[in-house]
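Data block below; observations after.
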Amino acid sequence: MAISAAARLEARRALEPLPLLEGEQDDGTINKTLLDYVWRKPGKGWLLLIGLGLAGTGLLTLALVVTIAKGIGMWGNNIPVAWAFGIINFVWWIGIGHAGTLISAILLLFQQKWRTSINRFAEAMTLFAVLQAALFPVLHTGRPWFAIYWLFPYPSTNRIWPQFKSPLMWDVFAVSTYFITSLLFWYLGLIPDLAALRDSSTSRWMRRIYGTLSFGWRGSARHWHHYKIAYLLLAGLATPLVLSVHTIVSYDFAVSVVPGWHETIFPPYFVAGAVFSGFAMVMTLMVPARRFLKLKQVVTARHLEAMCKIMLATSLIVGYGYLMEHFLSWYSGNPYDFYQYANRRGILHGPFKSAAQDPYIPIFWLMVFCNIVVPSIFWSKFGRTNVYVMWVASIFINVGMWCERFVIVVISLHRDFLPSSWGLYKPTWVDLSLLFGTICFFSLLFLLFLKFLPAVAVQEVKEMRHELHKEHERHEIPEFSQEMVHPMELEVGEEEKR
Amino acid sequence: MKRLVLAEFAEPEPLVEAARKLRESGREGLDAYSPYPIHGIDEALQLPRSKVPLVALIAGLAGATGGYVLQWWTNAIDYEINVANRPPHAWPTNIPVTFESGVLVCVLTIFFGSLFYFFGLPRTYHPVFEAEAFRSASLDKFWISAELREGEEPGDLERALRELGAGRVTHVKEED
């Protein structure tokens, strides 16, 4: 054969996927990488960020107190724009949460090994995001202390029940189920790692705290036996939840008659958008975290590239959604729909000319830029491998997805059927503080998580390492040693000899 | 008072082999401990099929039924709300909440059922924790435990485990 053995090896190396775990790893080094930072003293950077997070959380508390004490008149909401920041932020946060469940549940069922390094991280993100999301509808009820009997079917003295034909009620059930499922799924995965922290601790108190949190888990085969099935079942149940929660959120809009909301494409388009924004948020958090926690050997370039590909795919689905809703507004022949899409979003007159008539049009174009144009960078290998590029792109996507919800909520509402009831919406300082405050509170929770809990599922990474190791042994693939010969390349005689 | 012999293995495969051999030799009260689930240990210890899926199915069906009945009874029977003369009992609008309640009850049952019933946790004391070296069971080593019979000396069993490839071998007894 003309090709030399070295060239052949070189070619195979190029085709081989990037490693899921870099370097020589055993259980000991995995423990060192993934558990030891919990015992290290927090760095200055972490303390500084915690301080900022606390300050922002203080602002959130202030905005909460003002909202509750004075009522939602402190928000910019009005008629016609009765749903504004409250619902935009709710949908934005809950969408962000979806990537966590997708990574932990759906990718588990599809046996995507690369999920193992990032699932814990993404699940924590889900929990904290859903927590922020839940704040908004509760506040938006105006008097949250009454919300209990408006929202939950319990026999109150009013003798009236919630109206189950309303998508808002479906939302209550969907979001609370989603939160509880995510929490329990996350915690079940965490139990063996908490036990590992207990056993690697050096101080008596830490041992007690993590021992209590792990419920006294001892890794018994009799427990693993049930654990594996329980974990898989929770994953199986979380999978339809990813689809159902955002589908139900989209019903809040799609079941109504407002032009711009009344669309059958909403459920799939919302779910894709949720996954899109969620992966963007995972990326935004993961890129700095893997650097500062020194997780680069576990969260490798291959993981980041896979996330970029998912963002690209979901960006295309979202783009298709945009295209389709505009097409259908024309094809349906409904003048209100057509006006909503063609005129108020500046499709006919371009972003600048029509901005004079409608101040929200630039937000629509910003959305198109962030969600369609920016992710196109992931078509190139450069975009998928350069961490700086993907980090900046992920922030653009977060902004773009927030704008998408603004477009849906505010632009659709502010001018609907009757020109006499048109109006404009402007957020107040309370609205902006709530948005900014939840971002800070989210970051605060996340920083605490990164410090006190294992950010990567240690137990699963060990299992994966063992499996990968065994696979290499089984197929007798020496890891890129010079003796490597592909079976196809053996002569017949040699095959028999083997 | 329970007495256990504990043995540490560096790799999971010899542990599975050892567990199989001990069980075949008639040893009772066997268990294995590992940082992650190990392949083949279920057969080696002959663990019966897990009942978690059955419990989950029953809980899920009960939850879904409960969710449906709740909507039907509250909105169509106990306090009928007439919205634009639509029927008070309209099943298509009940689907989302029915589904969500099924999932909710199922998830709660799987988690708390596994924790309290199948794992028997929370339990902060267990005789295996008497051995300080047992710490490695959740980190990077694999342990096997075998119960000693009344009056049996640990020597023979410890030797047998060493022959099966165990590293550290020790014995513990339950505190009264």
Side-chain angles (χ1 to χ4, degrees), chain A residues 26-28 30-31 35 153 159-165 167 169-170 173-174 176-178 180-181 184-185 187-188 191-192 195-196 198-200 211-212 214-230 233-234 237-238 240-241 244 247-248 251 458-460 462-463 466, chain B residues 12 19 31-38 41-42 44-45 47 50-53 56 60 67 70-71 74-75 78-79 81 83 86 90 93-94 96-97 99-101 103-104 106-108 110-115 118-126 128-129 134-141 143:
Chain A
D26 60 33
D27 291 351
I30 290 175
N31 285 334
L35 293 177
R159 296 202 59 238
I160 192 168
W161 299 102
Q163 163 64 294
F164 283 108
K165 289 186 192 72
M169 274 312 295
W170 308 345
F173 275 75
S176 30
T177 302
Y178 185 49
I180 292 171
T181 305
L184 297 182
F185 189 48
Y187 205 85
L188 190 67
I191 288 175
R198 171 196 68 200
D199 292 337
S200 67
T212 312
S214 68
F215 297 117
W217 175 262
R218 52 186 189 276
S220 155
R222 286 162 202 278
H223 295 173
W224 281 123
H225 178 56
H226 300 299
Y227 181 96
K228 280 184 292 182
I229 296 204
L233 281 177
L234 286 189
L237 288 165
L241 277 191
S244 82
T247 299
I248 291 177
Y251 284 161
V458 187
Q459 163 251 123
E460 290 182 38
K462 284 179 196 162
E463 192 182 358
H466 187 74
Chain B
D31 203 348
Y33 308 87
S34 52
Y36 51 85
I38 40 186
I41 193 74
D42 298 0
L45 293 175
L47 297 178
S50 173
K51 289 218 166 54
V52 173
L70 173 83
Q71 298 175 76
T74 55
N75 279 182
D78 189 52
Y79 194 104
I81 304 173
V83 181
R86 289 185 181 87
T93 61
N94 293 355
V97 174
F99 169 75
E100 299 292 343
S101 346
V103 171
L104 181 64
C106 188
V107 165
L108 288 171
I110 292 177
F111 184 83
F112 291 105
S114 300
L115 195 65
F118 291 108
F119 301 162
L121 299 178
R123 175 173 178 178
T124 45
Y125 175 74
H126 190 274
V128 291
F129 292 137
F134 187 76
R135 276 176 175 234
S136 65
S138 67
L139 296 171
D140 51 3
K141 293 290 191 299
W143 288 76

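Looking at B/Ile110 and A/Leu237, their side chains come closer than 4.5 Å, going by heavy atoms from C-beta outward. Counting heavy atoms from C-beta on, the side chains of B/Glu100 and A/Ile248 come closer than 4.5 Å. At a threshold of 4.5 Å between non-hydrogen side-chain atoms, the residues A/Tyr227 and B/Val52 do not count as touching. Between A/Gln163 and B/Val83, some side-chain heavy-atom pair lies under the 4.5 Å cut-off.
In this structure, CG on B/Leu47 lies 10.5 Å from NE2 on A/His223, to the nearest 0.5 angstrom. Once rounded to the nearest 0.5 Å, the distance linking CG of B/Asp42 with CH2 of A/Trp224 reads 12.0 Å. Atom-to-atom distance recorded for A/Lys165:NZ and B/Asn75:CG is 5.0 Å, nearest 0.5 angstrom.
Of all heavy-atom pairs spanning A/Ala195 and B/Ser138, the tightest one is O-OG, 3.5 Å. Residue A/Ser220 comes nearest to B/Tyr33 through the heavy atom pair CA-CD2, 3.6 Å, listed as atom of the first residue, atom of the second, then distance. Shortest non-hydrogen contact noted between B/Pro53 and A/Leu233 is CA-CD1, 3.8 Å.
The most heavy-atom pairs under 4.5 Å with chain A, out of B/Ile41, B/Leu45, B/Asp78, come from B/Asp78. Interface check for chain B: of the options A/Thr212, A/Ile191, A/Thr247, A/Ile229, the most heavy-atom pairs under 4.5 Å are formed by A/Ile229. Considering only heavy-atom pairs separated by less than 4.5 Å from chain B, the leading option among A/Ala174, A/Pro167, A/Gly211, A/Pro192 is A/Ala174. Of the residues considered (A/Tyr251, A/Phe185, A/Trp170), A/Trp170 shows the highest number of contacts with chain B, using heavy-atom pairs under 4.5 Å. Chosen from A/Ser244, A/Gly219, A/Pro240, A/Ser176, the residue pairing most often with chain B at heavy-atom distances under 4.5 Å is A/Gly219. For chain B, the option among A/Gly216, A/Ala230, A/Ala221 with the highest count of heavy-atom pairs below 4.5 Å is A/Ala221.
Neither the backbone nor the side chain of A/Tyr178 comes within less than 4.5 Å of any heavy atom in chain B. Both the backbone and the side chain of A/Trp161 come within contact range of chain B, each with at least one heavy atom under 4.5 Å from a heavy atom of that chain. With a 4.5 Å cut-off on non-hydrogen atoms, B/Ser114 touches chain A through its side chain but not through its backbone. Of the two parts of A/Pro162, only the backbone, made up of N, CA, C and O, holds a non-hydrogen atom closer than 4.5 Å to a non-hydrogen atom of chain B. In this structure, chain B has a heavy atom under 4.5 Å from the side chain of A/Lys228, while its backbone stays farther away. Proximity to chain A (any heavy atom under 4.5 Å) is shown, for B/Leu108, by both the backbone and the side chain. In this structure, chain A has heavy atoms under 4.5 Å from both the backbone and the side chain of B/Ala32.
Ring geometry for A/Tyr187 against B/Phe111 counts as perpendicular: the plane angle is over 60°, on a 0 to 90° scale with 30° as the lower cut. Between A/Trp217 and B/Phe119, the ring-plane angle classifies as perpendicular under the 30° and 60° cut-offs.
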Assess whether side-chain contact (heavy atoms from CB on, under 4.5 Å) is satisfied between A/Phe173 and B/Leu104, documenting all intermediate values. CA-CA 9 Å; A/Phe173 275 75; B/Leu104 181 64; 6.0 Å; no
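A donor-acceptor pair shorter than 3.5 Å cannot be found between the side chains of A/His225 and B/Ser50.
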